[in-house]
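Before any comments, here is the structure.
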Amino acid sequence: MPSTPKERPKSKRNSYSKNSSLNSILEPPQSLFPSKGEFLRLITVLAIASAVALSCNYFLTFFTSTSKPFCDSNLDPIDSFSDSCEPCPSNGECYEGNLECIYGYRRHGKLCIEDRDIDETAKKLSESVEAGLCEAYAQVLCYGTGTVWVRENDIWNDLDRHNLMQNVGSDHTTYVYMKRRAMETIAKLLETRTNLHGLQEFKCPDALAEHYKPLTCRFRELVSKHSLIIMSICAGLIGCAVLFLKVRQRMYISARAEELYNQVCEMLEENALRSKNVDGEGESWVVASWLRDHLLLPRERKDPQLWKKVEELVQDDSRVDRYPKLVKGESKVVWEWQVEGSLSSSGRRKKGEGIELKSNESINTNINQSSRTLKTEPKALIF
């Protein structure tokens, strides 16, 4: 039998070279994928392209939609929602595909919006009429004079004389429309009724008229409404004021009486010492009324409580004797300082608190003159 040749085993080197060549074929080259910078530029280009595409789509849709005609106003509402035409907007009239806004409105795209100038003028006219009617009604509520209900024809005629209507010009349509708009606003704000003649009348509401009342009227109503509370408060304030004045007057009288009492004691003591040192020629007593007129101010003499308080202090002082004496034929109450066995009143007060030297000399002069006159008269005591 012929012998079959034996296959030689493949070497490891050949298998390794085959595997490496196979991997190089399967793996893509590195230049196939973009770098990081190229990837960012790619994203930017895609974003710009998307924005341009969306913008073109929006403008195309907008111009395509506006090119549609408007459905006629006299069509059935179901037929107006057709794809072949746009529904006619409110406050507009559509005919043969064209849109015309009614007077007082202007076109804005597919809509009819109010004319701002006309609306503002009508609003000012209504506010002016409202103010006039409410002020007149406020006069009725406060003083009983004025007008309550005003007819619609009178208001309509008053609008013709308003300054705002003079700026409208010669356009009669605008003139009438503006007045109609003002009357519609007035009818919403004010109260309305129909009189016996079938005419409509307007009146300012009571709550709104309260804001147009004068300040004097509001104050008077406030006082009349809360009169009991106000009277109670006023009575309390007056009572507190009177009590405060009485307490203050009593404190003043008490302090002033003590001051006068100290002056009286000093004068009586000095007069008694002086009369003892002149060999009995002077008198040791002093008429109380003379001391009062000498020490008190003219305005203080009108208040008898002040000197009465001084007399009470003198009466409680054991160093001073009080007794009646006949002076120039009249009975007078005299005060006399007890020299023997009494303590000096000047030692417990400051030296400068006494009366002035000029005042002492004048009162002593009067006392000496009276004592010389009394030497010839009997010294009888009158009780």
Separation between CH2 (Trp156) and CE (Met183), nearest 0.5 Å, reads 7.0 Å

Hey, any chance Leu313 and Val286 share a hydrophobic cluster, counting ILVMFWY side chains that come within less than 4.5 Å of each other, even indirectly? yes

Are the side chains of Val140 and Thr147 in contact, using a 4.5 Å heavy-atom criterion? no

Taking Cys217 and Cys142, which are both Cys, do their SG atoms fall under 2.5 Å of each other? yes

Side-chain donor or acceptor of Asn271 paired with backbone N/O of Glu283 under 3.5 Å: yes

Anything under 3.5 Å between a donor and an acceptor, one on a side chain of residues 302-310, the other on a protein residue two or more places apart or in another chain? List them.
from   : atom 1 : to     : atom 2 : distance (Å)
Asp303 : OD1    : Gln305 : N      : 3.2
Trp307 : NE1    : Glu311 : OE2    : 3.2

Glu130 and Leu208, any side-chain heavy atoms less than 4.5 Å apart: yes

Working note: Arg218 + Lys213, criterion side-chain contact (heavy atoms from CB on, under 4.5 Å); need CA distance, chi angles, decisive distance, verdict. CA-CA 7 Å; Arg218 295 183 185 182; Lys213 289 183 178 180; 4.0 Å; yes

Going by the rule salt bridge (Lys or Arg N to Asp or Glu O under 4.0 Å), which residues pair with Glu100 if we only count those two or more places apart in sequence or in a different chain? none

Are the side chain of Ser128 and the backbone of Leu125 linked by a donor-acceptor contact shorter than 3.5 Å? no

List for me each residue that meets side chain to side chain donor-acceptor pair (under 3.5 Å) alongside Thr185, sequence neighbours excluded, and say none if there are none. none

How would you list, by chain and number, every residue that makes a side chain to side chain donor-acceptor pair (under 3.5 Å) with Thr216, sequence neighbours excluded? Tyr143

Contact check, side chains of Trp337 and Cys265, non-hydrogen atoms, under 4.5 Å: yes

Counterpart residues, salt bridge (Lys or Arg N to Asp or Glu O under 4.0 Å), relative to Glu127 (two or more places apart): none

Between Leu326 and Ser331, which heavy-atom pair has the shortest distance, and what is it? CD1-N, 3.9 Å

So do Pro214 and Gln139 actually touch side chain to side chain, heavy atoms under 4.5 Å? yes

Qualifying residues under side chain to side chain contact (heavy atoms under 4.5 Å, CB included), relative to Glu259, sequence neighbours excluded: Arg256, Gln263

Mind jotting down which residue pairs meet the salt bridge (Lys or Arg N to Asp or Glu O under 4.0 Å) criterion with at least one end in residues 135-153? Sequence neighbours excluded, please. Arg151-Asp154

Check whether any side-chain heavy atom of Trp285 lies under 4.5 Å from a side-chain heavy atom of Val327, and answer yes or no. yes

Please say whether more than 12 non-hydrogen atoms of neighbouring residues, nucleotides or ligands are located less than 6.0 Å from CD in Glu210. yes

Considering only distance and modelled atom types, tabulate donor-acceptor pairs under 3.5 Å from the side chains of residues 232-254, sequence neighbours left out.
from   : atom 1 : to     : atom 2 : distance (Å)
Ser232 : OG     : Leu228 : O      : 2.8
Tyr252 : OH     : Glu300 : OE2    : 3.0

Heavy-atom closest pair (Ala182 atom, Ala122 atom, distance to 0.1 Å) is CB-O, 3.8 Å

Can you find a side-chain donor-acceptor pair between Tyr323 and Glu336 that sits under 3.5 Å? yes

Checking side-chain contact (heavy atoms from CB on, under 4.5 Å) for the pair Arg292/Arg301: CA distance, chi angles, key distance, verdict? CA-CA 8 Å; Arg292 179 196 63 195; Arg301 298 172 188 172; 5.8 Å; no

Please assess Glu269 against Arg319 for the test salt bridge (Lys or Arg N to Asp or Glu O under 4.0 Å), listing each intermediate value before the final yes or no. CA-CA 9 Å; Glu269 183 180 4; Arg319 298 168 301 175; over 6 Å; no

How does the hydrophobic cluster around Met231 look, that is, which other residues are in it when side-chain heavy atoms under 4.5 Å mark a link? none

I want to check something: taking the side chain as every heavy atom from C-beta on, are Ile155 and Ile186 in contact at a cut-off of under 4.5 Å? yes

With sequence neighbours excluded, residues passing side chain to side chain contact (heavy atoms under 4.5 Å, CB included) with Val333: Trp335

Below 2.5 Å, is that where the SG pair of Cys71 and Cys88 sits? no

For Val52, the other hydrophobic cluster members (4.5 Å side-chain criterion, sorted by chain and number) are Ile48

Measure the shortest side-chain to side-chain distance between Val129 and Phe202 over non-hydrogen atoms and say whether it is less than 4.5 angstrom. no

When you compare the side chain of Leu133 with that of Tyr137, does any pair of heavy atoms fall below 4.5 Å? no

Just by distance, do the side chain of Arg322 and the backbone of Val334 share a donor-acceptor pair under 3.5 Å? no

Calculate, to the nearest 0.5 Å, the distance between atoms CG and CE belonging to Asn262 and Met267 respectively. 13.0 Å

Donor-acceptor contacts under 3.5 Å from residues 188-200 side chains, at least two apart:
from   : atom 1 : to     : atom 2 : distance (Å)
Glu191 : OE1    : Lys203 : NZ     : 3.3
Arg193 : NE     : Glu201 : OE1    : 2.8
Arg193 : NH2    : Glu201 : OE1    : 2.9
Asn195 : OD1    : His197 : N      : 3.2
Asn195 : OD1    : Gly198 : N      : 3.1
Asn195 : OD1    : Leu199 : N      : 2.7
Asn195 : ND2    : Glu201 : OE2    : 3.2

Interatomic distance, Ser284 atom OG to Arg274 atom CZ [nearest 0.5 angstrom]: 12.5 Å

Nearest heavy-atom approach of Ala209 to Cys134 is CB-O, 4.4 Å

